[in-house]
Amino acid sequence: MKIAPIGVFDSGYGGLTVLKELIRELPDNDFLYLGDNARTPYGTRSFDVVYQYTLQAVKYLFEQGCPLVIIACNTASAKALRNIQMLDLPHLAPENRVLGVIRPSVEKVAEITKNGHVGVLGTVGTVVSGSYPIELEKWSGGHVKSTVQEACPMWVPLVENNEIDSEGADYFVRKNIQNILASDKNIDTLILGCTHYPLLAKVIEKYVPKEIEILKQGHIVAEKLVDYLQRHPEMEARLSKSGTLEFQTTESAETFESKAALFMEHEVKAKTIHL
């Protein structure tokens, strides 16, 4: 049996916020991160295009030996994960697994909401997909009674252009928070439904009332993965553990390295690959 790293895929850089938490929870494991930066953003693309791009990335990570792939991207999880799990995995690699970021978030919401009123902040693609309302209704065990959503198209560009502390960030975050709180004045749990958004946490917290719980996905996904591996020792045994970390991108390695450092808070070395 070949042992290999956990594959972590994102359309760009946001998945690095998930990767950081995965490393924190599983420091001995090896990870291979793939960012499809040449074709980002996925948020404005059609379901079919996102599905095809994500499937290409999953196949590539399988070819690198990864038996387990985490899709650390809300748009790809919303638009591609179910098809890949149901249609492709059975004939592609039935012994492998592909997991996303939406269901772990939904399960956590069900645990913490007190009144069942939930808000979701996400990209246009994630919001239009309706995945969060659908999954919250399906997997919350009846704990979620109402879900409102707000698309935040400016948040990702603000993060990727290192405008986190700018007046622009303050303006757009305030505007979107005000919009979603106006949609339902009883919200008690707010999901940051994009892996870029934790980098805007300080600005977001300025405009969200203290009594509202803000859900950041990285820690939740990592926590749920630890639980998953405990329940599936046959998968855990297939994962290599040398504490190594490899970064690959479909864009220029130099560009990736400069922006990834913002997310990882340390220098990284990357390799350019082609899907």
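When reading the values below, keep in mind they use all heavy atoms of this one structure, side chains included, and skip hydrogens, waters and symmetry mates.
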A.B. asks: Would the number of heavy atoms belonging to other residues, nucleotides or ligands and lying under 6.0 Å from CD of E167 be above 12?
C.D. replies: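 Check fails, neighbour count at 12 or below.
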A.B. asks: How about Y207 and D170: does a side-chain donor come under 3.5 Å of a side-chain acceptor?
C.D. replies: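 A pair is found: one side chain offers a donor N or O, the other an acceptor, under 3.5 Å apart.
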A.B. asks: For K224 and P104, which heavy atoms make the closest approach, and how far apart are they?
C.D. replies: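 Minimum heavy-atom separation between K224 and P104: CG-CB, 3.6 Å.
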A.B. asks: Apply the side chain to side chain contact (heavy atoms under 4.5 Å, CB included) test between F9 and each candidate in V58, T54, L32; give the one that qualifies.
C.D. replies: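 Exactly one pass, corresponding to T54.
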A.B. asks: Roughly how far apart are D184 CG and S146 OG, rounded to 0.5 Å?
C.D. replies: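 If I round to the nearest 0.5 Å, the distance is 4.5 Å.
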A.B. asks: Please evaluate residues L19 and L245 with respect to the criterion side-chain contact (heavy atoms from CB on, under 4.5 Å), reporting the C-alpha separation (whole Å), side-chain torsions for both, the decisive distance (0.1 Å), and the verdict.
C.D. replies: CA-CA 10 Å; L19 178 65; L245 188 53; 3.9 Å; yes
A.B. asks: Tell me if a side-chain donor or acceptor on T250 pairs with a main-chain N or O of H274 at a distance below 3.5 Å.
C.D. replies: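 A pair under 3.5 Å: no.
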A.B. asks: Answer yes when E236 and K241 have at least one side-chain N-carboxylate O distance shorter than 4.0 Å, and no when they do not.
C.D. replies: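 A salt bridge links E236 with K241.
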A.B. asks: Can you confirm whether V159 sits close enough to L200 that some side-chain heavy atom of one is under 4.5 Å from a side-chain heavy atom of the other?
C.D. replies: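 Yes. Closest side-chain heavy atoms under 4.5 Å.
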A.B. asks: Thinking salt bridges, do D88 and K59 make one under a 4.0 Å N-O criterion?
C.D. replies: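 Between K59 and D88 there is no salt bridge, as every charged N stays at least 4.0 Å from the carboxylate O atoms.
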A.B. asks: Give the cluster check for V128 versus L81: same hydrophobic cluster or not, with ILVMFWY residues linked at side-chain heavy-atom distances below 4.5 Å.
C.D. replies: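 Different hydrophobic clusters.
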A.B. asks: Less than 4.5 Å apart, any side-chain heavy atom of W155 and any of H196?
C.D. replies: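 Result no, sub-4.5 Å side-chain heavy-atom pair not found.
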A.B. asks: Step by step, would you call K108 with E223 a side-chain contact (heavy atoms from CB on, under 4.5 Å)?
C.D. replies: CA-CA 10 Å; K108 191 68 177 178; E223 191 180 72; 3.5 Å; yes
A.B. asks: Which atoms form the tightest heavy-atom contact between L239 and P67, and what is the distance?
C.D. replies: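 Of all heavy-atom pairs spanning L239 and P67, the closest is CD2-CG, 3.7 Å.
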A.B. asks: Taking all non-hydrogen atoms of both residues into account, name the closest pair between I212 and I187 and its distance.
C.D. replies: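 Distance-wise, the nearest heavy atoms are CG1-O, 3.4 Å.
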A.B. asks: Between E137 and V144, does a side-chain contact (heavy atoms from CB on, under 4.5 Å) hold up when you go through it step by step?
C.D. replies: CA-CA 7 Å; E137 186 176 352; V144 174; over 6 Å; no
A.B. asks: If you look at every heavy atom in P157 and N161, which pair is closest and at what distance?
C.D. replies: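 Heavy atoms only, the tightest pair is O-ND2, 2.8 Å.
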A.B. asks: Should L61 and L275 be counted in the same cluster of Ile, Leu, Val, Met, Phe, Trp and Tyr side chains packed under 4.5 Å apart?
C.D. replies: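 Hydrophobic grouping puts L61 with L275.
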A.B. asks: How far apart are the closest heavy atoms of V8 and A72, and which atoms are they?
C.D. replies: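 Answer, listing the atom of V8 first, then A72: CG1-CB, 3.8 Å.
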A.B. asks: Would you mind reporting whether S140 and V109 have side-chain heavy atoms less than 4.5 Å apart?
C.D. replies: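 Side chain of V109 against side chain of S140, heavy atoms only: no contact under 4.5 Å found.
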A.B. asks: Can you name the nearest heavy-atom pair linking I180 to Q149, along with the distance?
C.D. replies: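 Scanning both residues, the minimum pair turns out to be CD1-C, 4.1 Å.
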A.B. asks: Going only through I, L, V, M, F, W and Y residues with side-chain contacts under 4.5 Å, is there a path from V221 to V69?
C.D. replies: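 Different clusters: V221 never reaches V69 through Ile, Leu, Val, Met, Phe, Trp or Tyr contacts under 4.5 Å.
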A.B. asks: Mind checking the CG-OG spacing from D30 to S242? Nearest 0.5 Å is all I need.
C.D. replies: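 That separation rounds to 4.5 Å.
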A.B. asks: Mind checking whether R45 and Q52 have side chains closer than 4.5 Å, heavy atoms only?
C.D. replies: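 A side-chain contact under 4.5 Å is absent here.
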A.B. asks: Answer with yes or no whether the hydrophobic clustering places Y33 together with F62; edges join I, L, V, M, F, W, Y residues whose side-chain heavy atoms lie under 4.5 Å apart.
C.D. replies: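 No; F62 is not reachable from Y33 via cluster members.
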A.B. asks: Under 3.5 Å, is there a donor-acceptor pair linking the side chains of D36 and Q56?
C.D. replies: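 Looking only at side-chain atoms, Q56 and D36 do not form any donor-acceptor pair under 3.5 Å.
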A.B. asks: Does a donor on one side chain and an acceptor on the other come within less than 3.5 Å for T249 and E251?
C.D. replies: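 Side chains of T249 and E251: no pair found under 3.5 Å.
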A.B. asks: Should L99 and I23 be counted in the same cluster of Ile, Leu, Val, Met, Phe, Trp and Tyr side chains packed under 4.5 Å apart?
C.D. replies: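 The answer is yes; both residues are in one hydrophobic cluster.
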A.B. asks: Between the main-chain N or O of T126 and the side-chain N or O of S131, is there a donor-acceptor pair closer than 3.5 Å?
C.D. replies: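 Flag not set: sc S131 to bb T126 has no pair under 3.5 Å.
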A.B. asks: Side-chain contact, heavy-atom cut-off 4.5 Å: V18 with D10?
C.D. replies: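 The answer is no, as the side chains (C-beta and beyond) never meet within the 4.5 Å cut-off.
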A.B. asks: Just wondering, do V156 and P41 contact through their side chains at under 4.5 Å, heavy atoms?
C.D. replies: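 A side-chain contact under 4.5 Å is absent here.
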A.B. asks: Is the number of heavy atoms from other residues, nucleotides or ligands within 6.0 Å of CD (E267) greater than 12?
C.D. replies: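 Open.
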A.B. asks: Within the side chain of D188, is there an N or O that forms a donor-acceptor pair under 3.5 Å with the backbone of N115?
C.D. replies: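 Checking the backbone N and O of N115 against the side chain of D188, a donor-acceptor pair under 3.5 Å is found.
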A.B. asks: Of Y51, F47, Y53, which meets ring pair (Phe, Tyr, Trp, His ring centres under 6.0 Å) against Y42?
C.D. replies: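 Filter result, single survivor: Y53.
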A.B. asks: For R82, does the CZ atom sit with more than 12 other heavy atoms under 6.0 Å from it, leaving out its own atoms?
C.D. replies: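 12 or below, so no.
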A.B. asks: Is any side-chain heavy atom of I102 less than 4.5 Å from a side-chain heavy atom of N74?
C.D. replies: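 With C-beta onward as the side chain, the pair touches.
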A.B. asks: Is the shortest distance from a Lys or Arg side-chain nitrogen in E234 or R97 to a carboxylate oxygen in the other one below 4.0 Å?
C.D. replies: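 Not counted as a salt bridge, because no side-chain N and carboxylate O are separated by less than 4.0 Å.
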A.B. asks: Can you check side-chain contact (heavy atoms from CB on, under 4.5 Å) on E25 and H219, steps first, answer last?
C.D. replies: CA-CA 8 Å; E25 289 288 335; H219 177 67; 3.7 Å; yes
A.B. asks: Between K20 and F263, is there a side-chain heavy-atom distance shorter than 4.5 Å?
C.D. replies: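 Not in contact.
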A.B. asks: Return the CG to CG distance between L87 and L55, rounded to the nearest 0.5 Å.
C.D. replies: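 It comes to 10.0 Å.
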A.B. asks: Could you check whether any side-chain N or O of T17 sits under 3.5 Å from a backbone N or O of T195, counting only pairs where one atom can act as donor and the other as acceptor?
C.D. replies: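 At least one qualifying donor-acceptor pair exists.
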A.B. asks: To the nearest 0.5 Å, how far apart are CD in E135 and CZ in R103?
C.D. replies: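 So the CD of E135 and the CZ of R103 are separated by 7.5 Å.
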A.B. asks: Calculate, to the nearest 0.5 Å, the distance between atoms CG and CG belonging to N176 and L181 respectively.
C.D. replies: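 With rounding to 0.5 Å, CG (N176) is 11.0 Å from CG (L181).
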A.B. asks: What is the distance from atom CG of L190 to atom OG1 of T113, rounded to the nearest 0.5 Å?
C.D. replies: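 Those atoms lie 11.5 Å apart.
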A.B. asks: Taking T189 for its side chain and V118 for its backbone only, find out whether a donor-acceptor pair lies under 3.5 Å.
C.D. replies: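 Not confirmed, T189 side chain does not pair with V118 backbone.
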A.B. asks: Does a salt bridge link K202 with E205, judged by any charged N lying under 4.0 Å from a carboxylate O?
C.D. replies: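 Salt bridge absent between K202 and E205.
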A.B. asks: Are K216 and E21 within salt-bridge range, i.e. N to O under 4.0 Å?
C.D. replies: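 Answer for the salt bridge query: no.
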